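What follows is a short report on a single structure.
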Amino acid sequence: MAGKIEINTDRCKGCYLCIEACPKNCIIIGQETNASGYFPAVFEYEDKCIGCSMCAMVCPEVIIKVYRD
Amino acid sequence: MAGKIEINTDRCKGCYLCIEACPKNCIIIGQETNASGYFPAVFEYEDKCIGCSMCAMVCPEVIIKVYRD
Amino acid sequence: MSTLVYEKPESLYDRKTHYCPGCGHGVAHRLIAETIDELDIRHKTIGIAPVGCSVLAYNYLNIDMVEVAHGRAPAVATGMKRVKPDHIIFAYQGDGDLASIGCAEIMHAAHRGEDITVIFVNNAIYGMTGGQMAPTTMVGQIASTCPNGRDPLKEGYPMQMAEILSIMPGATYIERCAITDPANIRKTKKAIKHAFQRQLDGENGFNMVEILSPCPTYWRMSPVDAKKHITEQMTKTFPLGKLKG
Amino acid sequence: MSTLVYEKPESLYDRKTHYCPGCGHGVAHRLIAETIDELDIRHKTIGIAPVGCSVLAYNYLNIDMVEVAHGRAPAVATGMKRVKPDHIIFAYQGDGDLASIGCAEIMHAAHRGEDITVIFVNNAIYGMTGGQMAPTTMVGQIASTCPNGRDPLKEGYPMQMAEILSIMPGATYIERCAITDPANIRKTKKAIKHAFQRQLDGENGFNMVEILSPCPTYWRMSPVDAKKHITEQMTKTFPLGKLKG
Amino acid sequence: MSEKVLMCGNEAVAEAAIQAGLDAFFGYPITPQNEIPEYMSRRMPEEGRVFVQSESEIAAINMVYGAAATGARAMTSSSSPGISLKQEGISYLAGSQLPAVIVNMMRGGPGLGNIEPSQSDYFQATRGGGHGDYYHIALAGNSVQEMADLMYDAFDLADKYRGPVMVIGDGILAQMIEPVDVFAKKRPPIQTDKSWALGNLKDRSPNIVNSLFLGDNVLENHNLRLQAKYQIIRDTEVRFEATDTEDADLIVVAYGIASRIASSAIRKARKKGLKVGLFRPITLWPFPAKPIAALAGQGRKFLAVELSYGQMVEDVRLAVNGASPVDFYGRAGGSVPTVEAVLEKIEENLK
Amino acid sequence: MSEKVLMCGNEAVAEAAIQAGLDAFFGYPITPQNEIPEYMSRRMPEEGRVFVQSESEIAAINMVYGAAATGARAMTSSSSPGISLKQEGISYLAGSQLPAVIVNMMRGGPGLGNIEPSQSDYFQATRGGGHGDYYHIALAGNSVQEMADLMYDAFDLADKYRGPVMVIGDGILAQMIEPVDVFAKKRPPIQTDKSWALGNLKDRSPNIVNSLFLGDNVLENHNLRLQAKYQIIRDTEVRFEATDTEDADLIVVAYGIASRIASSAIRKARKKGLKVGLFRPITLWPFPAKPIAALAGQGRKFLAVELSYGQMVEDVRLAVNGASPVDFYGRAGGSVPTVEAVLEKIEENLK
Amino acid sequence: MTNSFQEKITIAGFGGQGIMLLGKLLAQTAMKNNLNVTYMPAYGAEVRGGTANCMVCLGTDPIANPMVINPDTLIVLNKASFSKFLPKLKSGGKIIVNTSKIDNAIDRDDIEVIAAPIDDIAIALDSPKSANMVALGIFLQSHSFLSPQMACDCLCDVLAKRYHSMLQVNADAILKGAQSIQ
Amino acid sequence: MTNSFQEKITIAGFGGQGIMLLGKLLAQTAMKNNLNVTYMPAYGAEVRGGTANCMVCLGTDPIANPMVINPDTLIVLNKASFSKFLPKLKSGGKIIVNTSKIDNAIDRDDIEVIAAPIDDIAIALDSPKSANMVALGIFLQSHSFLSPQMACDCLCDVLAKRYHSMLQVNADAILKGAQSIQ
Ligand SMILES: Cc1ncc(C[n+]2csc(CCOP(=O)(O)OP(=O)(O)O)c2C)c(N)n1
Ligand SMILES: Cc1ncc(C[n+]2csc(CCOP(=O)(O)OP(=O)(O)O)c2C)c(N)n1
Ligand code: SF4
Ligand code: SF4
Ligand code: SF4
Ligand code: SF4
Ligand code: SF4
Ligand code: SF4
Ligand SMILES: [Mg+2]
Ligand SMILES: [Mg+2]
């Protein structure tokens, strides 16, 4: 089952928790700081996502939306 | 073994606890109030006393002295 | 055609938090908000924000809230619940707030068996004031007021509030959870929901969900390491599971 | 030729007390004074009088004493013991003082494992202020603020402080006694002596002797009935015996 | 026939509070006000309302805070040491603008002191024993009847100005039994906008009850709003009783129980031909500074009489502002000035 | 070369206390004074002395009470809400005549307020936030150096007069880093009779430390002794700094951080040719009433500047007693008066 | 109508002697008969330890000061109270002494002494607990502002319901007391 | 000796940019060189949430008021601080802008702008964390009261022992910063 996530990177604090939680390693840390000075998480390997919501579950900022086909 | 007690009746509050505690029923309540208005305990049956200190042990006013032969 | 399977709950504002990266308060807030949504009790829920890093919880939870004096949330909750018995009253408290200055208030709310819920976010430190020792600070843990690590002979062993409160007959449901990983986060959510549901059902008694929660900043760890620390160390001192009810 | 086998201890003044007839405080004072005499520690013992009927304990105990704010004796004891570690510091507390207003202070003295002794005189009532309900008031017991008897659903079940404090690793010796009859009074004395001896020996940790004690006045019973009430009723809620150590 | 019954001040205050629509009482025992929680423990459940004996004074004031935050009429009572413990909570009530009533039946201090009557908490009551720039209305009666009457006012004023109101008595007014009609001033609670209250969240955005204000000048602006409110109260809520002050060469200023002793002395002084009047503040805060200022000057003298070592006298001095000499007589620590001593002081001032 | 190092006010206060012979520190965290307990937690064990992080402010003040009762030099520190919670304990210290030092680094109020600087606890500090007729010495510095120096005085005065002494700063003085020599005023503790202290009971009858006094007039007599002591303190311990007051048409009265802002404004005013002076109380209680009274009159005006909505100004008015007009300027809630605003107010007064 | 007057009374005895009830009944009687009145019990810890006392003020004008330091009349039912309060009695005042318990000599000649074996009178009525009522009867009889019967009529207002079986014996005691000094 | 002067400086940036160390080193340098100085960090909960700032006052006379509302010089290392503090800069004041992070236009012409790619300079030194020192170098170079070398000499006073391996790289950064605007 294919999934998709959207991260509100403006509000991301680059805590790595979603990265660590993703069973499919879809998320990596970005190279550019956002307005708050953090390196935000980026949904990089979109095709691997299964929409399991693990990332959203652990995100302290509650800024991940998860979609499933 | 023969015993003897002295009760400081001026300070007695007539609580009956010594009377109740005495295994030999040596103590009774007096008929006259003391200066504080209480009927004090009286060491009445002196010959029965065995000096066991039960009375002193329970006296909240700590006004009983116990002697033994 | 993709469907949205997860987004923030209604009862949570879409707003930047003031929390440090990886702080546990954000997840705790979310779980409460989801519970409120799912039980459809937003109109009759009142939240109590403590003094602690979560003092601004009312900026994130989209419900009626009150901010109260440090440690006194259980007393405030008592006042509220007694005059609003049909409302769901919950107090959100940190470990300094609940176990230290507010020790008498939490003990007596449990003692009286107040029909309230306490969400106890135990991060083993005073976050807001800059990382001082809490009653729950781990043995050996460094904090700004125990610079050589907590010494149980001088400062005592970590205080197990869930165990202590469980003795009280007035406390009818107490569970300790941790927001370390999705499985435990799910358990935490279930516990919060159970606690609120009990109030809703009018089941008598004080209930509390303790949440072991990371403070990466004052644990001086990355958020990922902080969560590991909970799983590997903290749960030894504070075992997870239902203690009562 | 008769010899004196019992009289008041040295550390007790020869003075009329202000207590009601049959009140337990007098016996509790005596046991402390005897212990001090027997351990020969009068010169290095400091007593702490609470607010409660025993607020004037310094008028009866012939030792250095301090009278302190309601409920705060364990904090005061902490301050003292930390600066005078070679002294025997004991706090004398009533159930309102210890379990209600002073709940946080007793919990944390035990939590930190302060090397102090607490003599906890539990008479299940607020004596000094005229018979209001205490946290330890028995279910159904009438008090001036629960005129229909304590209702556990509204006011909670009697608070078992000895059990609660025993959970704390910092508490190393806790025993519950009763001054009902000579046998139990002797046990109480032994417990107090053991507690003081531990301090004297430098054994670490908080220790406490709880004493179930009659308040004939506000139990509305004769002193004799009040003692029976302890034996027959109170010990069901507050079982006697060593809880720790 | 009078509708009056004999009641002590504590009971009268309690029943009047109930009549004034009290929803919830929270309190902790302390002499000399124990009859208040005791009375409440019986009467509140009868009325289907809330009584909780709290674990401490701090818990009580915070229970009041909680109940008040939902819009309920809530109250606590205590005496001096217990009122000291409530200071943080009172500061919070003021900061969060929550209506509440606190009764202080003052006793001898400092520390544990004793349980005798005293007026030594005047400073605390009028200048914020707690932290921050707040004031609260402080009402002082001088009879069991007036103590009861003031309870109706206390709740209404608390609602009207959204803040704590303190009702102040002492060991005598608490324990003294007098004929009283607790219904004398009975009226329905004033209707105020309580849309700020918590609970029943429907068709509105969430309400927040709060005393924390972050950001540049946000707390300052909140304080300026509080100060503006305090000014309105100063301008409109001053209460006092002036007796024989017009022709007086000396005005005795005294409140509460001290004013009764003073009035005995004044009666005797008048009999001796001395022109003495009594000015009795009923609101200790706002203090009746303007009426006193209006009486000052013209060769008139003032004498403050208190069961303290001189607290209210500072307000008298501030009001008089140098226009008249202000003398003081007081006893405290549970001792009460005698009529004779006050009379002597009056005569000394008029010599 | 100067011996000075950079330290924030909190640390300087802490180190100076240690140098002054502090035996035991008890405290609970609260911003903006956290550096005090943090510093103590490191330094006190190094010195083999006592540091305990208490479970609350109430526990802290009572631990101080216990340590002080044995004759030890004991101290606690906190900020506004925490100081409110200590009021009962402070009243007990005063009643039992125990020496102790309490530091209040004031923040914005009321309630939780914020953590910014403020001077809104002046009333509480000078008129007993607690119950009963007591006062305690209150010392306010205006630099990190003076805050440190005052710690030596605080402990000595506490011992000398057997009572609590408060040292008062605010968020700025607590957090500001300045060059400081914490040893500048170092001296051995004054020797006072501590035969009242508990412990080591040999060759004497037992000592009792107590604030409860029962029996006719016993508490009154105790209070009269306290009042006599307070009078001695008023007569002998007043401290202040008067700068350019002799020729001044307007005297600005300000303490602590406000006095630094005021002095900037005054310098500017003097440059503009305005005759303005600064009167800076260092003892807030006893307030320097006599020196101010001596300056009053002669067409001179006064302006009190505070980080509050007008607290110390009442003491200025009481001192001036109508002889001069007294104006006020203040901001609070964490906001700080600007030099420009104070200057404007000065000019307004001299127009 | 009597002329304007004010009377300040101190009543003292042991805890169990019904001092408070005596005071309260006097106050109630005064109130019911349109006098101004205040009643001030001793309170608090004081109450422990065995002695009890209260202060009653009554009169035609409002009572300014409820505290009684130097009473116009002193009613003492036991020795301790006698010794404590006698010196405080106003010159020209009255003392009602329970001679059943107090055999002390009275060393003042500026006062009026009303001595009666109050306990014995009550015992004679087979109601030793009614000594307080006997004392009240004596008090009322020795003053003119309220009649003993007025007090009898107020008994049911101050006696708790559960004691209403005692109304008659108490009334008898009041009247007996009054007669005893007629 | 320079003439009498006073300089009020606000320094602002992200939490991790070493703002506090910058301020503290400046204060130390001033103190060591016999200037009066105050240093006021932002404190408390404020510190969370990512931005940091502090205020330094230095000069020949005692500093009356340590609060800096309208600074003489503003050092800003990130955008958020730039937007927040620029309006507060005194007319005629100086702003030191980290152009590596701030590309905003400056809409005031009453101030002196000292723009430098501060982060890039630090990165070029292989020590991105030393941007704060670069900024200090720029500040000292653009004012005459203290030399960059004086700051280098004070480094060991303010750097915690465990960072003393960084002394050299920090000194280099100070000097590099100074050179960058020479
Ligand atoms: C009466 C009082 N004392 C102290 C403080 C300072 N204070 C604020 S939050 C806090 C402790 C925070 O720790 P915790 O409750 O564990 O919450 P966290 O920040 O860790 O979530 C303290 C001591 C205060 N605001 N009020
Ligand atoms: C701060 C404060 N609150 C309340 C009181 C009143 N008070 C005095 S003793 C007491 C309770 C006494 O009960 P307990 O501790 O059980 O002692 P007991 O008299 O029964 O021996 C109370 C509430 C007080 N003195 N101080
Ligand atoms: S939904 Fe699951 S798979 Fe997709 S990014 Fe999130 S954690 Fe990874
Ligand atoms: S968990 Fe959330 S805040 Fe953390 S890195 Fe991922 S998206 Fe960002
Ligand atoms: S010593 Fe024993 S036998 Fe003698 S009176 Fe006492 S209890 Fe009775
Ligand atoms: S136990 Fe003591 S006080 Fe009680 S009756 Fe016996 S002697 Fe008297
Ligand atoms: S300090 Fe700790 S608890 Fe507070 S916001 Fe940061 S991580 Fe969370
Ligand atoms: S009231 Fe109770 S506890 Fe107090 S002295 Fe009397 S019997 Fe003892
Ligand atoms: Mg915490
Ligand atoms: Mg008790």
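Remember, predicted model here, so these are calculated numbers, not experimental data. In what follows, chains are A, B, ... by sequence order, proteins preceding strands, each numbered from 1.
- Remark: Gln197(D) engages Asp201(D) in a side-chain hydrogen bond (donor to acceptor under 3.5 Å, both in side chains) (not counting sequence neighbours).
- When heavy atoms are compared at a cutoff of 4.5 Å, Ile63(B) does not approach chain D at all.
- The contact list for residues 223-232 of chain D toward chain B, using heavy atoms and a distance under 4.5 Å, reads Pro223(D), Val224(D), Lys227(D) by residue number.
- For Glu46(B), the CD atom sits in a packed shell: over 12 heavy atoms of surrounding residues, nucleotides or ligands are nearer than 6.0 Å.
- Pairing each heavy atom of Val62(B) with each of Gly26(D), the nearest pair is CG2-O, 4.3 Å.
- Separating the NZ atom in Lys13(B) from the SG atom in Cys20(D) is a distance of 7.5 Å, to the nearest 0.5 Å.
- For Tyr16(B), the OH atom counts as loosely surrounded, since its 6.0 Å shell holds 12 or fewer non-hydrogen atoms of other residues, nucleotides or ligands.
- For a residue to count as touching a neighbouring chain, one of its non-hydrogen atoms must lie under 4.5 Å from one of that chain's; by this rule Arg186(D) touches chain B with the side chain only.
- Judged by distance alone, the side chain of Lys4(B) and the main-chain N or O of Leu4(D) form no donor-acceptor pair under 3.5 Å.
- Atom-to-atom distance recorded for Lys16(D):NZ and Arg11(B):CZ is 9.5 Å, nearest 0.5 angstrom.
- Proximity to chain D among residues 53-61 of chain B is limited to Ser53(B), Met54(B), Ala56(B), Met57(B), Val58(B), Cys59(B), Pro60(B), Glu61(B), judged by heavy-atom separations below 4.5 angstrom.
- Contacts between Leu12(D) and chain B at a heavy-atom distance below 4.5 Å involve the side chain alone, from C-beta outward.
- Interface with chain D: from residues 17-34 of chain B, residues Leu17(B), Glu20(B) qualify, criterion being any non-hydrogen pair under 4.5 Å.
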